[in-house]
Student: 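Could you have a look at this structure, given as structure tokens, before my questions?
Values below: every heavy atom of this structure, side chains too, minus hydrogens, waters and symmetry copies. Since we're looking at a predicted model, the values are computed, not measured.
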Amino acid sequence: MANKDRNKTILLELGKLPENNQCADCGAPDPDWASYKLGVFVCLNCSGVHRNLSNISRVKSIRLDFWDDELVKFMKTNGNARGRAVYEKAVPAFYYRPQQEDCAVLREQWIRAKYERMEFTGETKYPPLAYTTGFYEGILWKKGKEKGQFQRRKFVLSEKEFTLAYYNKEDPSKGPKALISIKDVNVTFQPEKIGHAHGLQITYQEDSHTRSLFVYHESGEEIVNWFNAIRAARFAYLKTAYPTGSDKELRTRITRNYLKEGYMEKTGPMQKETFKKRWFILDSQDRKLLYFKSQLDAEELGVVFIGTETNGYSVSECIPKRTRGNRWRCGVTVETPDRQFVFMCEQEREQREWVEALRQVISKPMQPQDYTTEANIRGKS
């Protein structure tokens, strides 16, 4: 019993060290689990992935399980910093490192890439890793117009041409259905929205409109390869467009998750029209509040630019109003230099979250490219 208590105390103290007090895989604070084969401290969620790698990793709770002296000695000798030096020695600058709030497939494939496939040890890989070649092609299930069904479509990504193409037929000789410039592409995992654990949303600009493709692949490894291959092409484009930018600066612009999404109700420009339910996306990087008829629509119905207070933009909670069905809803008011927009929420919690998210965008200084975006959006309205 004395040994058990002593070893528990040692492990808890090891877990508090700066190099160990975050999960080795997702960065979650205060990890309570550890892999005694890899020598790293991990959180509860990531420990579940490690359990499925039993030939590589074995995990125990540092609070509840028994640890013998040899295992504790191994953990003292290793730790998260040493693990990163081995298993994350050569992670490409564009490769996405998942955080604790990211979806399960991203976290699982990151863990498998590190410890199972040993993709980042710095050793030469042959054949080369798919997302590092500058060219990627394969079949993805894409949501079609017909009844919202997903259909097999061939996708081709070219880093050299900075394009992503997809074909309605698997025979590419008939030409692509769409040829998308990497310049304005964003890609983000959307498993709940798409209804598949590997669901991916690819967003791009076409004729001054924002369009989206909703795709998935049955293989978690394959869909994450696609995600990182697109990020690699985006990173290559940014290096060309901003040659003086550092890798650290450019990484933040490769892809992004949207700040907030969800349903609100909106009225027309005269604020006398019937309120209609719409799906909203707040893109903080491009300072756009986009709205769609439904969450899986391919093209937005409209967009509101979100500037700064010094440029005449503000957001506030508004008094409750009657909407469809003679119901009262709490709302959000967005003031722009030339218009006022009123959006209604079903719950006060949603109202507070939207106001907080919009204020977060308004508080950010505008960049030179934002003024061009603002002019284009206001010119359409």
Student: Indicate yes or no: does Lys114 engage Glu88 in a salt bridge with an N to O separation below 4.0 Å.
Tutor: yes
Student: Around atom CD of Glu299, are there more than 12 heavy atoms from other residues, nucleotides or ligands closer than 6.0 Å?
Tutor: yes
Student: Do Asn186 and Arg256 have side chains that get closer than 4.5 Å, going by heavy atoms?
Tutor: yes
Student: Donor-acceptor pair, Asn228 side chain versus Val224 backbone, under 3.5 Å?
Tutor: yes
Student: If only atom types and distance count, is the side chain of Asn80 paired as donor or acceptor with the main-chain N or O of Gln22 below 3.5 Å?
Tutor: yes
Student: Step by step, work out the side-chain hydrogen bond (donor to acceptor under 3.5 Å, both in side chains) result for Gln205 and Thr210.
Tutor: CA-CA 5 Å; Gln205 297 296 307; Thr210 299; 3.0 Å; yes
Student: Can you tell me if Trp67 uses its side chain to pair, donor with acceptor, with the backbone of Ser61 under 3.5 Å?
Tutor: yes
Student: Under 6.0 Å between ring centres: does that hold for Phe41 and Trp33?
Tutor: no
Student: Fit a plane to each ring of Trp110 and Tyr95, take the angle between them on a 0 to 90° scale, and name the class: parallel (under 30°), tilted (30 to 60°) or perpendicular (over 60°).
Tutor: tilted
Student: State plainly whether the residues Glu13 and Lys16 are in salt-bridge range, i.e. N to O under 4.0 Å.
Tutor: yes
Student: Flag yes if more than 12 heavy atoms outside Gln99 fall under 6.0 Å of its CD atom; otherwise flag no.
Tutor: yes
Student: Would you sort out whether Thr203 and Tyr258 count as a side-chain hydrogen bond (donor to acceptor under 3.5 Å, both in side chains), showing the intermediate values?
Tutor: CA-CA 11 Å; Thr203 306; Tyr258 298 119; 3.2 Å; yes
Student: Do Lys293 side-chain atoms and Glu300 backbone N/O form a donor-acceptor pair below 3.5 Å?
Tutor: no
Student: Would you check if the side chain of Arg278 reaches a backbone N or O of Lys266 as a donor-acceptor pair within less than 3.5 Å?
Tutor: no
Student: Checking side-chain contact (heavy atoms from CB on, under 4.5 Å) between Ile111 and each of Leu53, Asn52, Val42, which is the one that passes?
Tutor: Leu53
Student: Look at the aromatic rings of Tyr216 and His196 and report parallel, tilted or perpendicular, splitting at 30° and 60°.
Tutor: parallel
Student: Is it true that Arg84 and Glu19 have a side-chain N and a carboxylate O under 4.0 angstrom from each other?
Tutor: no
Student: Is it the case that more than 12 heavy atoms not belonging to Glu356 sit under 6.0 Å from its CD atom?
Tutor: no
Student: So which heavy atom on Leu259 is nearest to which on Ala357, and how close?
Tutor: CD2-O, 3.5 Å
Student: Please confirm whether the backbone N or O of Gln360 pairs with a side-chain atom of Ser363, one donor and one acceptor, at under 3.5 Å?
Tutor: yes
Student: Is there a side-chain contact between Val215 and His217, using heavy atoms and a 4.5 Å cut-off?
Tutor: no
Student: Counting distance only, does the side-chain N/O of Thr132 pair as donor-acceptor with the main-chain N or O of Pro128 below 3.5 Å?
Tutor: no
Student: Taking side chain as C-beta onward, heavy atoms only, is Gln295 less than 4.5 Å from Asp297?
Tutor: no
Student: Test side-chain hydrogen bond (donor to acceptor under 3.5 Å, both in side chains) on Arg349 and Gln351; report intermediate values, then the result.
Tutor: CA-CA 5 Å; Arg349 175 184 57 81; Gln351 179 193 44; over 6 Å; no
Student: With side chains defined as the heavy atoms from C-beta onward, is the minimum distance between Tyr166 and Pro176 less than 4.5 Å?
Tutor: no
Student: Taking the basic N atoms (NZ, or NE/NH1/NH2) and the acidic carboxylate oxygens, is any pair closer than 4.0 Å for Arg6 and Asp69?
Tutor: yes
Student: With a 3.5 Å distance limit and no angle check, can you tell me whether Asp25 reaches the backbone of Cys46 through a side-chain donor-acceptor pair?
Tutor: no
Student: What is the ring orientation for Phe280 with Tyr291, classed by angle as parallel under 30°, tilted 30 to 60°, or perpendicular over 60°?
Tutor: tilted
Student: Taking all atoms of both residues into account, what is the closest heavy-atom pair of Val40 and Gly83, and its distance?
Tutor: CG1-CA, 4.2 Å
Student: Evaluate side-chain hydrogen bond (donor to acceptor under 3.5 Å, both in side chains) for Arg117 paired with Gln109, printing each intermediate quantity in order.
Tutor: CA-CA 10 Å; Arg117 300 193 292 268; Gln109 291 305 317; 3.2 Å; yes
Student: In this structure, which one of Phe343, Phe292, Tyr263 forms a ring pair (Phe, Tyr, Trp, His ring centres under 6.0 Å) with Trp279?
Tutor: Tyr263
Student: Please determine if Glu261 and Lys193 form a salt bridge, counting it only when a charged side-chain N lies under 4.0 Å from a carboxylate O.
Tutor: yes
Student: Please check if atom NZ in Lys125 has more than 12 non-hydrogen atoms from other residues, nucleotides or ligands closer than 6.0 Å.
Tutor: yes
Student: Check for a donor-acceptor pair, side chain of Lys76 on one end and backbone N or O of Ile10 on the other, with a separation under 3.5 Å.
Tutor: no
Student: Within the 4.5 Å heavy-atom criterion, are Thr188 and Thr255 side-chain neighbours or not?
Tutor: no
Student: Could you check if a side-chain atom of Leu250 sits within less than 4.5 angstrom of a side-chain atom of Lys239, using non-hydrogen atoms only?
Tutor: yes
Student: Determine whether Ile202 and Phe214 make a side-chain contact, defined as any pair of heavy atoms from C-beta on separated by less than 4.5 Å.
Tutor: no
Student: Over 60° means perpendicular and under 30° means parallel, so classify the ring planes of Phe235 and Phe94, tilted if in between.
Tutor: tilted
Student: Between Tyr115 and Tyr87, does the ring centroid distance fall short of 6.0 Å?
Tutor: yes
Student: So is Lys160 actually on top of Phe135's ring, under 6.0 Å and inside 45° of the axis?
Tutor: no
Student: Quick one: do Phe189 and Phe227 satisfy ring-ring contact (aromatic ring centres under 6.0 Å, His included)? Show the steps, please.
Tutor: CA-CA 9 Å; Phe189 276 92; Phe227 176 68; 5.1 Å; yes
Student: Could you check whether any side-chain N or O of Arg234 sits under 3.5 Å from a backbone N or O of Arg253, counting only pairs where one atom can act as donor and the other as acceptor?
Tutor: yes
